[in-house]
Amino acid sequence: MERTDQRNMTPARLRRPVGPTGPGALASLVPSDRRVTRRPPADARPTVEPGHCAGAGPRAEPGPVLLADGLLTERLSLAVPQDTRVVVTDYEIPPGGSLPWHYHEGRVVAVVTAGVLTRTLSDGSECVTPAGGCIVEPVGPQGVHMAENREPDPLRICALFFLPQGAALSTRAEPPDAVTRG
């Protein structure tokens, strides 16, 4: 897997075409505020197949923007009801910053895209996840947790939420007894 020093680069600014690339597509990660054009060799340019866009000539196919790429090391079973709200977020937590105690009303899967995430869970245990790691958040008040950036560099997390309609991304909560007694 390709590794890139992502300090001073945010996932929202990273552009990486996936799949077919066309004229002007970027072959590596570059900030989007920098205009770079690389023309592939003439023989690598896409061609129009018979019956597709007749008379329109060759066109570059759009490629998705890679926001996060991580490795899920735990089993994930996802069954969501119809009309579930799906939200994608990009959090940046500065050095020494934190997200207060909270819980989620639906499943959350997240990728740490830069820095190191330290979570304190409801039983008082801590989980440390470096860049490239994935987390699956517990659902409901029994899964209360907090997140911290204890490192000198910014922490970035790209999270995918599956929520009931009308639910907030997270609900603030009091620290659990296991933590306040500790």
Side-chain angles (χ1 to χ4, degrees), residues 1-49 52-53 56-80 82-95 97 99 102 104-119 128-137 147 149 151-165 167-170:
M1 183 168 96
E2 176 182 282
R3 293 281 179 201
T4 300
D5 180 7
Q6 292 188 352
R7 281 179 283 213
N8 302 322
M9 297 175 76
T10 63
R13 292 174 50 207
L14 295 178
R15 300 292 183 254
R16 182 180 187 186
V18 178
T21 58
L26 302 180
S28 63
L29 294 174
V30 297
S32 64
D33 57 354
R34 188 184 294 162
R35 304 289 183 238
V36 176
T37 301
R38 293 189 187 145
R39 289 200 170 271
D43 60 347
R45 292 196 180 133
T47 58
V48 178
E49 294 183 25
H52 291 94
C53 301
R59 294 191 320 192
E61 293 182 25
V65 174
L66 179 65
L67 298 177
D69 185 356
L71 180 64
L72 184 63
T73 59
E74 59 187 281
R75 192 170 186 83
L76 173 64
S77 178
L78 187 62
V80 295
Q82 186 174 347
D83 298 325
T84 293
R85 181 172 159 224
V86 178
V87 179
V88 179
T89 63
D90 182 21
Y91 288 94
E92 181 175 67
I93 303 173
L99 297 176
H102 65 279
H104 309 284
E105 291 293 340
R107 179 64 64 208
V108 179
V109 180
V111 178
V112 177
T113 57
V116 178
L117 168 65
T118 301
R119 291 182 303 147
V128 177
T129 307
C134 292
I135 59 171
V136 178
E137 299 278 35
N149 180 4
E151 302 297 318
D153 295 317
L155 166 64
R156 293 199 70 106
I157 305 166
C158 183
L160 177 62
F161 293 76
F162 297 91
L163 301 166
Q165 287 188 26
L169 294 179
S170 61

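Note that the structure is a prediction, hence the values are computed from the model and not measured.
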Q | F161: ring-ring contact (aromatic ring centres under 6.0 Å, His included) partners, not counting sequence neighbours | A |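 So F161 forms a ring-ring contact (aromatic ring centres under 6.0 Å, His included) with H104.
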Q: Give a yes or no on whether the backbone of P154 and the side-chain of E92 come within a donor-acceptor separation of less than 3.5 Å.
A: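 Flag not set: sc E92 to bb P154 has no pair under 3.5 Å.
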Q) Has the side chain of T84 got a donor or acceptor atom that lies under 3.5 Å from a matching backbone atom of F162? A)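 Side chain of T84 to backbone of F162, a donor-acceptor pair under 3.5 Å: no, none is there.
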For [X] and [Y], which heavy atoms make the closest approach, and how far apart are they?
{"X": "A68", "Y": "V111", "value": "CB-CB, 3.8 Å"}
{"X": "V112", "Y": "P130", "value": "CB-O, 3.6 Å"}
{"X": "N149", "Y": "I93", "value": "ND2-O, 3.0 Å"}
{"X": "L163", "Y": "G106", "value": "CD2-N, 3.7 Å"}

Q: Can you sort out the partners of E137 under side-chain hydrogen bond (donor to acceptor under 3.5 Å, both in side chains), two or more places apart, ordered by chain and number?
A: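 Partners of E137 under the side-chain hydrogen bond (donor to acceptor under 3.5 Å, both in side chains) test: R119, H145.
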Q) Can you name the side-chain hydrogen bond (donor to acceptor under 3.5 Å, both in side chains) partners of R85, sequence neighbours left out? A)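 R85 satisfies side-chain hydrogen bond (donor to acceptor under 3.5 Å, both in side chains) with no other residue.
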Should [X] and [Y] count as side-chain neighbours, where that means a heavy-atom distance under 4.5 Å?
{"X": "V86", "Y": "L160", "value": "yes"}
{"X": "D90", "Y": "L67", "value": "no"}
{"X": "V80", "Y": "R107", "value": "no"}
{"X": "V88", "Y": "C158", "value": "yes"}

Report the residues that fulfil side chain to side chain contact (heavy atoms under 4.5 Å, CB included) with [X], sequence neighbours left out, ordered by chain and then residue number.
{"X": "E74", "answer": "L72, V136"}
{"X": "A168", "answer": "none"}
{"X": "L71", "answer": "T73"}
{"X": "P164", "answer": "E105, A167"}

Nearest-0.5 Å distance that lies between atom [atom1] in [X] and atom [atom2] in [Y]:
{"X": "I157", "Y": "L99", "atom1": "CD1", "atom2": "CG", "result": "6.0 Å"}
{"X": "T89", "Y": "L169", "atom1": "OG1", "atom2": "CG", "result": "6.5 Å"}
{"X": "C134", "Y": "L76", "atom1": "SG", "atom2": "CG", "result": "9.5 Å"}

